[in-house]
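Values below: every heavy atom of this structure, side chains too, minus hydrogens, waters and symmetry copies.
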Amino acid sequence: GGGAGAGELFEAAVWAEPGNRFARRAAARASLELGRRSEALQHLRALGELMPAGSGERVAVWMEAGDVALGMERVEEA
């Protein structure tokens, strides 16, 4: 329940603070739950850039972004 409202809330948080990793992760999850895979992919890519270079967290986020891209049949971006 409240998925669309939560999605809008997280989008507002990202707009207010684009470098907030929590807001980016939450916005990506909300976008996926709402079927907005393109938006989720954008958030995941931005989140990947925010993660420390060489960290396992960064690798995991990029892998998740690749999975989303593959699900959208955007193989070249995966």
| Set of salt bridge (Lys or Arg N to Asp or Glu O under 4.0 Å) partners for E49, sequence neighbours left out | R58
| query | Which pair of non-hydrogen atoms, one from L44 and one from V61, has the smallest distance, and what is that distance? | reply | O-CG1, 3.2 Å
| remark: On a heavy-atom basis, the closest approach of A13 and A23 is CB-CB, 3.9 Å
| remark: Note: with side-chain heavy atoms under 4.5 Å as the link, the other cluster members for V59 come out as M63
| field | ILVMFWY clustering at 4.5 Å (side-chain atoms), partners of V14 | value | none
| remark: CD (E39) and OG (S31) are apart, to the nearest 0.5 Å, by 4.5 Å
| Gap separating the CH2 atom of W62 from the CZ atom of R45, nearest 0.5 angstrom | 7.0 Å
| request: Please list, chain by chain and in numerical order, all residues satisfying side-chain contact (heavy atoms from CB on, under 4.5 Å) with A26, sequence neighbours excluded. | output: F10
| task | List for me each residue that meets side-chain contact (heavy atoms from CB on, under 4.5 Å) alongside M72, sequence neighbours excluded, and say none if there are none. | result | R37, S38, L41, V68, R74
| remark: Sorted by chain and number, sequence neighbours left out, side chain to side chain donor-acceptor pair (under 3.5 Å) with E11 holds for H43
| task | Could you note down all residue pairs passing salt bridge (Lys or Arg N to Asp or Glu O under 4.0 Å) where residues 18-27 supplies at least one of them, sequence neighbours left out? | result | R25-E64
